[in-house]
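For reference, the structure is listed below as structure tokens.
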Amino acid sequence: MQKDTVCRLCSSCCPVTVEIEDNRLIAAARKSFLAENERHQCPKLNAAAEIVYSPERIKKPLVKKKGGGRNSFRETSWDEALDIIADRFHYFKNEHGAESICWLRGMAADWGAPWDYANRLMNLFGSPNTIGNGSVCHVAREMAHVLTYGAMTSPDQKDSNCIIVWGKNDRDTNPAAYEGIRYAKKHGAKLIVIDPIRTGLASMADIWLQIKPGYDGILAMSMINEIIREKLYEKDFIKEWTIGFEELKNSAKAYKAEKIAESIWLDPDMIKSAARLYATPRPACIIEGNGLDMQLNIFDNTRAVCILRGLTGNLDKPGGDLIPQPIRVRNIQLKDRLPKGVKPITLEYPLFNEFHETWGNHAQSCVIDAILDKKPYPVKMLVVQSANPVVTMTDSNRVIRAFENLEFMIVIDPFMTRTAKLADVVLPATSSFEKTQLNRAFTRNNPVIIQNQVIDWVADSWPDWKITFELARRLGLGEEFPWHTAEDAINYQLEPAGITVDMLRKNPGGTRIEEIEYEKYKTKGLGTPSGKIEFYSKQLEEHGYVPVPSFDCDIENPISFYDKRDEFPFLGISGARTKCFTHSQFKSIPSLVKRDQECVIDIHPDDAHKKEISDGDTVKVETPRGHIHMKARISEVVHKGSIRISWGWGEFSPDYNLNNLTDDDRRSDITGTPSNRSFMCKISKVFV
Ligand SMILES: Nc1nc2c(c(=O)[nH]1)N[C@H]1C(S)=C(S)[C@@H](COP(=O)(O)OP(=O)(O)OC[C@H]3O[C@@H](n4cnc5c(=O)[nH]c(N)nc54)[C@H](O)[C@@H]3O)O[C@H]1N2
Ligand SMILES: Nc1nc2c(c(=O)[nH]1)N[C@H]1C(S)=C(S)[C@@H](COP(=O)(O)OP(=O)(O)OC[C@H]3O[C@@H](n4cnc5c(=O)[nH]c(N)nc54)[C@H](O)[C@@H]3O)O[C@H]1N2
Ligand code: SF4
Ligand SMILES: [Mo]
């Protein structure tokens, strides 16, 4: 039997059809506008059955044995596990205040419905500390979009005549987007790729700018300068729909291509060609990604990229960058029920906490500060849901120290991760195929597609929604959590939009609440204080930040440990994701581990020669925070003087954990983002 759902094995949220036999998932396939033989394959989805029925899945709730060390658990019932947890919630609230409890969220359960449920529970219980990982993922970038033109745009690449792919590797991370790029290119679109690595997409590009990591804002400002100098901008549009053009023009003059190119590894003529190629054919769009995230200048870098969209008038035009048409979903977080005056541990980042109605708090590193340094106040108890922070958070050694200092820790995950091994209670969550869920990806823009439960819960696992609802009831919050099914809760959330789960199920291809509308700003304005695109932002100025993006290469060097570059001369780049894995996940799935041979460090041949390193040698990589070992791959995809390190292998072995190397001391002062992507390091061959 075939069933429709949404895959959540990574955050791309692909609509899929699954084949079910005797209540077992047999196979799954992505839906696509392309014919079957032209579709881009996803090995993770092909391994869906192996993942769902993995013998490594946690089968029952686990409680740490009395007097036992790390990873010493006994199985228990849901009743006992939830009673223990509820007891600890009350204990810490009574002893230290509810805010001493923090709920840390990763990407896997999505920031849709399940994010709202955890926030609702915590707000009602009295703690403002539900913390997401948006400071290292796209929420920090989203803030730059919102402050520039009111919402995060989505690129309409399929119908574009020129696509910039800026720090994104869709071929491995988002098959649907990659298919769109390929389609557009086949129909004549030009492709510009901005990436320090010659990725598969870079090899397909008309122009590839091999930028020095972290310096994207300087490049964007230089392109802005070029577009203004050559008068390639949309004059009438700018007059009517933007503010701060003169200030932008003056600011951009500091970034003449000839002046800045060399310091960011580029050729001035290439920067000019890219600016011209982007600004001439209309429509054009910019796909930006995680290459901009996890940089100290993330906010201004992204703002400069957003400004390019406004300058060329590509905003909200077909084939350009579209302002989304969100669904009217009920905000169920009940933030107003928090006790008056209670501040979150992320209080240093007020604009980031408040820029969006439901995103909430995302300066993830603050969790570690609060546990270890008791700043701004101590966190004593932690719930970790759908995250593996021991591997994925910055400076893993510091994270482990923090978790060992906690008085009580709960992990909710389908697998026994390195993080779960440090917990007091581990709750087995179902996989995405075992639960019905409303993902934010489908509420922030039309059309809405529902994720359906397509098989029974495996072993004694529960879906995240049920875990949260049952815990809420045990905490005495039953009145505000009256739902006994995911459908009940989602129907309540969807009510303002006039749709129900049943209606969504009748349209597995997606339910469109509104027809697509372009240039909506003409009738509705934009969601900024001025209603226009803000090249110059008064709001930023009032909060003490620069109103027009500005960068100083020397003072604000965006690369960690740059001051120690004499001892740590190589620029380490946290590598692209690969098709087989989602961050730390699936490292116990035999077919995926066997298929992916990418646990390597890419080194330029000239550097390898100097260091007497050959292909396959074991290399030690060190920073002031720690070290890792990996095999070398001699490769010209990297720039001389830099190495690319494979991402996510820390779950397989702590010796491969890239975040042993990263620094959490320096952060963006606006989003709290550390530089997980780019850091100075040293390398040496290990003689075995
Ligand atoms: N297979 C797979 N898919 C995934 C995920 C996964 O783990 N595996 N994770 C999901 C998640 S949570 C996310 S956030 C997305 C991310 O998806 P992407 O944005 O595609 O992330 P990456 O694959 O890390 O690719 C980022 C690109 O940025 C480049 N880069 C590095 N530093 C810089 C820089 O300073 N400037 C520029 N311009 N480029 C730079 C890298 O070389 C890389 O090619 O993928 C989602 N999809
Ligand atoms: N150096 C460096 N650091 C990075 C990155 C990088 O590229 N380089 N990438 C960053 C980015 S963009 C992100 S988003 C983060 C990702 O950080 P995490 O969110 O910690 O990433 P994952 O390793 O995917 O961990 C997700 C966990 O959720 C579990 N899980 C899967 N499905 C479910 C579910 O339905 N419910 C529950 N409860 N659990 C589930 C998985 O088994 C896994 O243990 O890492 C960030 N850190
Ligand atoms: S890219 Fe693959 S793993 Fe990610 S959601 Fe799509 S089908 Fe699932
Ligand atoms: Mo992410």
Side-chain angles (χ1 to χ4, degrees), residues 2-20 24-57 106-108 110 168-182 197 199-201 203-204 289-290 386 388 391-392 414-415 417 431-434 441 451 454-455 458 574-600 602 630-631 633 637 644-653 656 658:
Q2 293 206 324
K3 290 187 180 175
D4 299 291
T5 186
V6 169
C7 174
R8 284 283 323 178
L9 294 176
C10 85
S11 54
S12 294
C13 293
C14 300
V16 294
T17 309
V18 291
E19 189 65 41
I20 308 289
R24 270 185 87 82
L25 188 153
I26 303 296
R30 272 184 52 245
K31 297 177 186 173
S32 165
F33 69 99
L34 291 175
E36 208 142 320
N37 59 345
E38 288 178 21
R39 286 181 196 174
H40 196 54
Q41 289 298 312
C42 173
K44 299 184 289 311
L45 184 67
N46 293 344
E50 209 182 333
I51 294 167
V52 167
Y53 303 114
S54 164
E56 301 295 322
R57 286 273 303 262
M107 56 76 59
D110 201 302
K168 192 145 206 315
N169 189 24
D170 280 325
R171 197 156 93 152
D172 290 327
T173 56
N174 192 331
Y178 177 61
E179 288 174 351
I181 298 171
R182 261 195 355 206
I197 309 288
T199 58
L201 274 172
S203 308
M204 291 162 54
N290 207 241
S386 66
N388 189 7
V391 176
T392 57
F415 287 92
T417 61
S431 77
S432 59
F433 296 102
E434 298 152 58
Q451 175 186 317
V454 291
I455 46 172
V458 168
S574 176
R577 290 119 175 68
T578 59
K579 267 190 214 166
C580 289
F581 301 113
T582 302
H583 307 292
S584 73
Q585 295 185 62
F586 316 136
K587 299 299 187 298
S588 64
I589 304 301
S591 74
L592 293 175
V593 175
K594 203 163 138 203
R595 200 189 133 126
D596 193 311
Q597 303 294 318
E598 302 259 332
C599 181
V600 290
D602 287 301
M630 264 189 205
K631 295 249 180 282
R633 179 166 66 188
V637 299
R644 173 173 69 166
I645 307 164
S646 293
W647 164 234
W649 285 90
E651 181 61 21
F652 193 80
S653 158
Y656 300 151
L658 171 45

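Using a 4.0 Å cut-off between charged nitrogen and carboxylate oxygen, Lys594 and Glu50 do not count as a salt-bridge pair.
You'll find the side chain of Met630 stays beyond 4.5 Å of the side chain of Val600, heavy atoms only. The shortest side-chain heavy-atom distance between Thr173 and Tyr178 does not fall under the 4.5 Å cut-off. Residues Lys44 and Thr582 form a side-chain contact, since some pair of their non-hydrogen atoms from C-beta on lies under 4.5 Å apart. Residues Pro43 and Leu592 meet the side-chain proximity criterion, which asks for heavy atoms closer than 4.5 Å. The side-chain heavy atoms of Thr392 and Trp647, taken from C-beta on, include a pair separated by under 4.5 Å. Between Cys7 and Phe433, the closest side-chain pair of non-hydrogen atoms falls below 4.5 Å. Using a 4.5 Å heavy-atom threshold, the side chains of Lys579 and His40 count as touching. Counting only heavy atoms from C-beta outward, the side chains of Tyr53 and Ile455 approach each other to under 4.5 Å.
Heavy atoms only, all atoms of each residue included: His583 and Lys587 are closest at O-NZ, 2.9 Å. Closest heavy-atom contact between Asp602 and Arg633: OD1-NE, 2.7 Å. Closest heavy-atom contact between Glu179 and Ser32: OE1-OG, 2.7 Å. Scanning all heavy atoms of the two residues, the minimum distance from Val16 to Val6 falls at CG2-C, 4.2 Å. The two atoms that bring Lys168 and Leu201 nearest to each other are O-CD1, 4.0 Å, heavy atoms only. Nearest heavy-atom pair, Gln585 versus Met107, reported as atom, atom and distance to 0.1 Å: NE2-SD, 4.4 Å.
Atom CG of Leu45 sits about 11.0 Å away from atom OG of Ser12, to the nearest 0.5 Å. One finds the OG atom of Ser203 at 7.0 Å from the CZ atom of Arg171 (value rounded to the nearest 0.5 Å). Taking CD1 of Ile51 as the reference point, atom OG of Ser591 lies at 7.5 Å (rounded to 0.5 Å). Note that CG of Leu25 and CD1 of Ile20 are 4.5 Å apart. Values are rounded to the nearest 0.5 Å. For the atom pair CZ of Phe586 and CD of Glu56, the computed distance is 14.0 Å after rounding to the nearest 0.5 Å. We find the CG-SG distance between Leu9 and Cys42 to be 7.5 Å, quoted to the nearest 0.5 Å.
Formation of a donor-acceptor pair under 3.5 Å by the Ser646 side chain with backbone atoms of Glu598 is found in this model. Checking side-chain atoms of Arg644 against main-chain N and O of Ile197 turns up no donor-acceptor pair under 3.5 Å. Here the side chain of Ser584 pairs no donor or acceptor atom with the backbone of Glu651 at under 3.5 angstrom. Arg577 places no side-chain N or O within donor-acceptor distance of the main-chain N or O of Asp172, the cut-off being under 3.5 Å.
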Evaluation steps, side-chain contact (heavy atoms from CB on, under 4.5 Å), between Phe652 and Cys599:
CA-CA 10 Å; Phe652 193 80; Cys599 181; over 6 Å; no
Output, in order, the C-alpha distance, side-chain angles, deciding distance and verdict of side-chain contact (heavy atoms from CB on, under 4.5 Å) for Val52 and Arg57.
CA-CA 8 Å; Val52 167; Arg57 286 273 303 262; 4.2 Å; yes
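Side-chain contact, Ser432 with Gln451: no donor N or O sits under 3.5 Å from an acceptor N or O.
For Arg182, there are no salt bridge (charged side-chain N to carboxylate O under 4.0 Å, His left out) partners at least two apart in sequence or on another chain.
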